[in-house]
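Heads up, the thing below is written out as structure tokens.
Every chain is numbered from 1, with letters handed out A, B, ... down the list of sequences.
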Number of protein chains: 2
Amino acid sequence: MAKGHVRLADVAKAAGVSQGTASNVFGRPEVVREEVRERVLATARELGYAGPDMKGRLLRAGRVNAIGVASVEPLAYFFEDPWARALMTKIAAVCDATGTGIALVSAQNQQKLAWNINSALVDGFILLCVEGGERLVELTRRRQLPFIALALGGADTSIPVIGIDNLAGAAMAARHLADLGHRRFAVLAIDQFGDPVGATAPGQAARSLKSTSRDRLLGYRQALEEFGIEPASVPVHGTRNDRSSVDAALDALFAMPAPPTAILAMSDRIALFAMQWLAARGFKVPGDVSVIGFDDVPEAATASPGLTTIAQPLDEIARRAVSAILGGALPDAQETLDVTLVSRGSTAPPRS
Amino acid sequence: MAKGHVRLADVAKAAGVSQGTASNVFGRPEVVREEVRERVLATARELGYAGPDMKGRLLRAGRVNAIGVASVEPLAYFFEDPWARALMTKIAAVCDATGTGIALVSAQNQQKLAWNINSALVDGFILLCVEGGERLVELTRRRQLPFIALALGGADTSIPVIGIDNLAGAAMAARHLADLGHRRFAVLAIDQFGDPVGATAPGQAARSLKSTSRDRLLGYRQALEEFGIEPASVPVHGTRNDRSSVDAALDALFAMPAPPTAILAMSDRIALFAMQWLAARGFKVPGDVSVIGFDDVPEAATASPGLTTIAQPLDEIARRAVSAILGGALPDAQETLDVTLVSRGSTAPPRS
DNA sequence: TCTCCATATTGAATCGATTCAACGATTGGG
DNA sequence: CCCAATCGTTGAATCGATTCAATATGGAGA
């Protein structure tokens with residue numbers, strides 16, 4: 001007690017019972033006689049015992065009851081990026097329901113990342129935005145805890161992944177617009193990892209580092225070809241998923257002689273920036289230009305007009321990811337979930 | 001090793017060194033001879049040892065290197081509410097810099113809350129939105145870890161709190177509008193905890209449960225009185241900080257014979273909803289109606305027009321809160337930080 | 001050759017709890 | 001009145017690492 005810190009053993013001794021009994025008083029009250037229980041609790045209160053310390057308990061139990069969500073982006077990413085937020089909201093809901101804690105893991109530099117991954121007190125990891133983050137996967141694997149990657153499209157099939165069918169989703173988006181009658185398209189791509197921002201040569205884009213981007217682009221092209229539209233005739237502009245690069249892309253696009261009537265954006269974030277750019281320039285959406293996004297983040301529904309987009313089954317993704325970690329039942333291979341088209345106000349037939 | 005789990009002790013035995021040395025190989029490599037170090041590392045690799053397990057390490061070390069952020073709201077709150085997000089972003093940045101982890105703590109019901117608070121593996125807690133959450137404070141205090149409450153205005157001075165000067169901030173907001181020439185005001189209040197939503201009698205509002213709301217209201221009134229405006233003449237509408245209740249309040253306000261020319265919103269969220277309502281009804285902001293918010297969330301800057309608001313020093317709040325927990329140097333009493341007026345496009349002199 | 005010192009390694013204690021086989025006390029039945 | 005079953009309690013082992021006083025080793029200086 002001189003330690004300033006009261007341990008279970010102190011309480012046990014003071015109450016004149018064994019440590020085992022004291023432990024039972026807190027962990028399995030029903031097994032100890034009421035009289036003794038009362039006495040121990042009274043002693044505990046008297047001594048100012050704060051209850052069993054998790055550090056000891058967990059060492060014994062082996063499980064922490066928390067999952068780590070890791071990303072190569074800075075920690076703030078979890079609270080700023082719409083997709084990450086939407087996903088975290090769902091994950092949070094699942095965790096809430098199962099009484100599981102969430103620990104956020106990230107780092108500014110590679111060295112700290114390693115340390116943070118290794119020192120996180122969790123039962124497993126969910127990895128976000130893992131493209132180009134081979135190192136994150138590698139570090140996590142070394143930790144030898146269950147983990148599952150989200151939105152990874154890498155070739156390494158030894159990594160458990162829950163992904164979505166980017167190709168089919170993108171095709172769905174393009175087909176939707178082509179069905180409406182559009183023939184002049186432009187693609188606003190996501191390219192975060194060093195690919196040149198700006199107009200991209202057809203061949204180059206297909207070699208994009210990020211398989212998410214690549215698949216979506218392939219999907220767009222595949223669907224457009226069904227309508228006889230040459231891939232080479234569809235300009236693809238890389239963006240950094242931020243306002244300035246989207247603005248730059250649109251500046252270039254609408255300086256062309258025959259600007260597009262339909263914009264295929266690889267993320268809702270890009271699509272929303274694009275809609276703002278268009279509104280500021282006096283273009284009507286969907287009257288002059290139709291815009292379709294990807295992800296279906298909450299903002300897509302509240303924007304005006306509402307953004308037509310491809311919805312990811314975030315609920316399902318979150319549920320599967322969390323239960324995979326908690327249940328230890330990692331999917332054998334890569335799981336791919338289906339996406340759906342959500343039609344809102346941002347798409348319509350082109351001005352005839 | 002039959003356990004399927006390799007421990008440090010196993011590695012030590014296999015490498016033919018003492019456990020102490022093996023521990024040093026990982027924790028303080030410089031202290032062990034290179035030759036031995038190599039051998040131990042090789043053995044570790046061979047056995048598939050994943051590195052020192054945090055559970056053991058932390059038991060010994062006593063500190064977890066993570067802080068818990070707790071709230072009575074559901075977990076999703078951290079990712080949805082603009083103020084919470086803005087704050088979390090700052091906290092995340094501070095934690096990033098110091099290599100500290102973040103654990104989110106919340107719960108659907110009181111019972112789970114207790115369990116989650118008690119079982120969170122953290123060195124201390126930051127409590128969010130603690131008004132009305134006496135139970136959260138009580139639970140946290142029982143845990144006997146350092147904690148600090150944010151945005152609490154309760155009377156209990158034994159609770160360490162970092163707060164802001166709501167009264168001065170509100171006064172600043174009202175004075176700003178009055179200086180511009182406005183004389184017809186309305187207040188959109190935050191009242192989440194059971195206070196009647198809708199028009200509020202003057203006396204009743206002052207008795208609001210939430211001291212944040214109360215102080216802001218007091219501040220508004222105090223400043224307006226300096227300009228000879230009767231508190232009783234300023235309608236106060238409670239809202240639930242969501243769109244529908246804000247819409248309802250505005251419906252009522254603008255059905256009055258002489259609607260306000262200036263709106264004092266107790267949060268940016270409310271203010272932004274109000275601006276959307278006004279835009280939808282054809283009112284020009286700031287031409288017809290001026291709007292001022294409170295908090296200065298990121299959205300305030302990107303809205304159009306930009307929202308004039310009272311900025312909380314979130315950086316400072318986050319920095320102090322985190323270092324208070326980590327350094328164990330809790331402020332003696334309640335700390336109150338100053339706020340500043342950020343003038344953007346949503347306020348202007350009234351139409352003459 | 002012997003002493004002294006610096007450096008590397010060992011072994012045991014420790015952190016704070018849980019668990020479980022074994023033991024002691026009651027109670028009911030025969 | 002004895003035996004068995006029941007229930008509560010004990011004591012020691014365990015979880016996986018870190019730490020530190022004590023010891024072993026090797027080299028330099030006298």
Side-chain angles (χ1 to χ4, degrees), chain A residues 1-40 43-44 47-65 118-119 121-123 143-145, chain B residues 1-41 43-44 47-65 118-123 143-145:
Chain A
M1 58 180 169
K3 301 287 184 195
H5 219 76
V6 189
R7 298 186 300 274
L8 182 60
D10 299 327
V11 175
K13 199 185 304 168
V17 299
S18 80
Q19 198 174 162
T21 299
S23 176
N24 283 334
V25 167
F26 293 97
R28 315 147 65 179
E30 72 282 1
V31 84
V32 34
R33 195 152 41 99
E34 168 146 6
E35 178 196 328
V36 178
R37 196 193 325 154
E38 291 298 307
R39 181 154 45 93
V40 173
T43 312
L47 261 48
Y49 180 61
D53 188 297
M54 282 316 286
K55 303 203 277 291
R57 175 199 296 258
L58 108 80
L59 174 59
R60 197 80 235 287
R63 57 190 350 270
V64 186
N65 251 297
N118 281 323
S119 63
L121 277 160
V122 296
D123 296 320
R143 179 81 194 271
Q144 293 184 195
L145 286 177
Chain B
M1 58 181 170
K3 302 288 184 195
H5 219 78
V6 189
R7 300 187 298 277
L8 182 61
D10 300 324
V11 175
K13 198 185 305 168
V17 299
S18 79
Q19 197 174 162
T21 299
S23 175
N24 283 334
V25 167
F26 294 97
R28 316 146 66 177
E30 72 282 0
V31 84
V32 33
R33 196 152 41 100
E34 169 148 4
E35 179 196 328
V36 177
R37 197 192 325 154
E38 291 297 308
R39 181 155 44 94
V40 173
L41 285 175
T43 314
L47 262 47
Y49 179 61
D53 188 295
M54 283 316 288
K55 303 203 278 291
R57 178 199 294 260
L58 113 79
L59 174 58
R60 197 79 235 289
R63 58 191 349 271
V64 185
N65 251 297
N118 281 324
S119 64
L121 277 161
V122 296
D123 296 320
R143 180 81 195 271
Q144 293 184 194
L145 286 177

Task: Phosphate-side-chain proximity, B:Tyr49 and D:dG16, N/O vs OP1/OP2 below 4.0 Å - done: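 Negative; the distance criterion is not met.
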[X] side, atom [atom1]; [Y] side, atom [atom2] - distance, nearest 0.5 Å:
{"X": "A:Arg33", "Y": "A:Asn24", "atom1": "CZ", "atom2": "CG", "value": "13.5 Å"}
{"X": "A:Arg63", "Y": "B:Lys55", "atom1": "CZ", "atom2": "NZ", "value": "10.0 Å"}
{"X": "A:Arg143", "Y": "A:Asn118", "atom1": "CZ", "atom2": "CG", "value": "6.0 Å"}
{"X": "B:Arg57", "Y": "B:Asn65", "atom1": "CZ", "atom2": "CG", "value": "10.0 Å"}

In whole Å, I'd like the distance from the [atom1] atom of [X] to the [atom2] atom of [N].
{"X": "B:Glu35", "N": "C:dA8", "atom1": "CD", "atom2": "C1'", "value": "11 Å"}
{"X": "B:Lys13", "N": "C:dA12", "atom1": "NZ", "atom2": "P", "value": "14 Å"}
{"X": "B:Gln144", "N": "C:dG16", "atom1": "CD", "atom2": "P", "value": "13 Å"}
{"X": "A:Asn118", "N": "D:dA17", "atom1": "CG", "atom2": "P", "value": "13 Å"}
{"X": "B:Leu8", "N": "D:dC15", "atom1": "CG", "atom2": "P", "value": "14 Å"}
{"X": "A:Asp10", "N": "C:dC15", "atom1": "CG", "atom2": "C1'", "value": "13 Å"}
{"X": "B:Gln19", "N": "C:dC15", "atom1": "CD", "atom2": "C1'", "value": "14 Å"}
{"X": "B:Lys55", "N": "C:dT18", "atom1": "NZ", "atom2": "C1'", "value": "15 Å"}

Task: A:Asp10/A:Arg7 salt bridge by N-O under 4.0 Å criterion - done: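 Looking at A:Asp10 together with A:Arg7, the answer is yes, because their closest N to O distance falls below 4.0 Å.
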Open item on the list: If you take any heavy atom closer than 4.0 Å to DNA chain C, which residues from residues 20-32 of chain A end up in contact?
Closed with: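 By residue number: A:Gly20, A:Ser23.
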Open item on the list: For DNA chain C, which residues of residues 56-63 of chain A approach it to below 4.0 angstrom with any heavy atom?
Closed with: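 Within residues 56-63 of chain A, the residues near DNA chain C are A:Gly56, A:Arg57, A:Leu59, A:Arg60.
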Task: Candidate list B:Thr43, B:Val36, B:Val11, test side chain to side chain contact (heavy atoms under 4.5 Å, CB included), partner B:Val17, passing option - done: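 Looking at B:Thr43, B:Val36, B:Val11, the match for B:Val17 under the side chain to side chain contact (heavy atoms under 4.5 Å, CB included) is B:Val36.
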Task: Result of checking B:Arg39, B:Arg37, B:Glu38 against B:Val25 for side chain to side chain contact (heavy atoms under 4.5 Å, CB included) - done: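 The residue from B:Arg39, B:Arg37, B:Glu38 that satisfies side chain to side chain contact (heavy atoms under 4.5 Å, CB included) with B:Val25 turns out to be B:Arg37.
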Looking only at the side chain of [X] (C-beta and beyond, no hydrogens), which of the listed nucleotides [options] gets closest?
{"X": "A:Arg7", "options": "D:dT9, C:dG16, D:dA17", "value": "C:dG16"}
{"X": "B:Pro52", "options": "D:dA17, C:dA17, C:dT10", "value": "D:dA17"}
{"X": "B:Val36", "options": "C:dT10, C:dT9, C:dA17", "value": "C:dT9"}

TODO: State, with a plain yes or no, whether a side-chain heavy atom of B:Val64 is found less than 4.5 Å away from one of B:Asp123.
DONE: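 When only atoms from C-beta onward are counted, B:Asp123 and B:Val64 do touch, with a gap below 4.5 Å.
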- [ ] Please say whether more than 12 non-hydrogen atoms of neighbouring residues, nucleotides or ligands are located less than 6.0 Å from CD in A:Glu30.
- [x]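 Atom CD in A:Glu30 is crowded, with more than 12 foreign heavy atoms closer than 6.0 Å.
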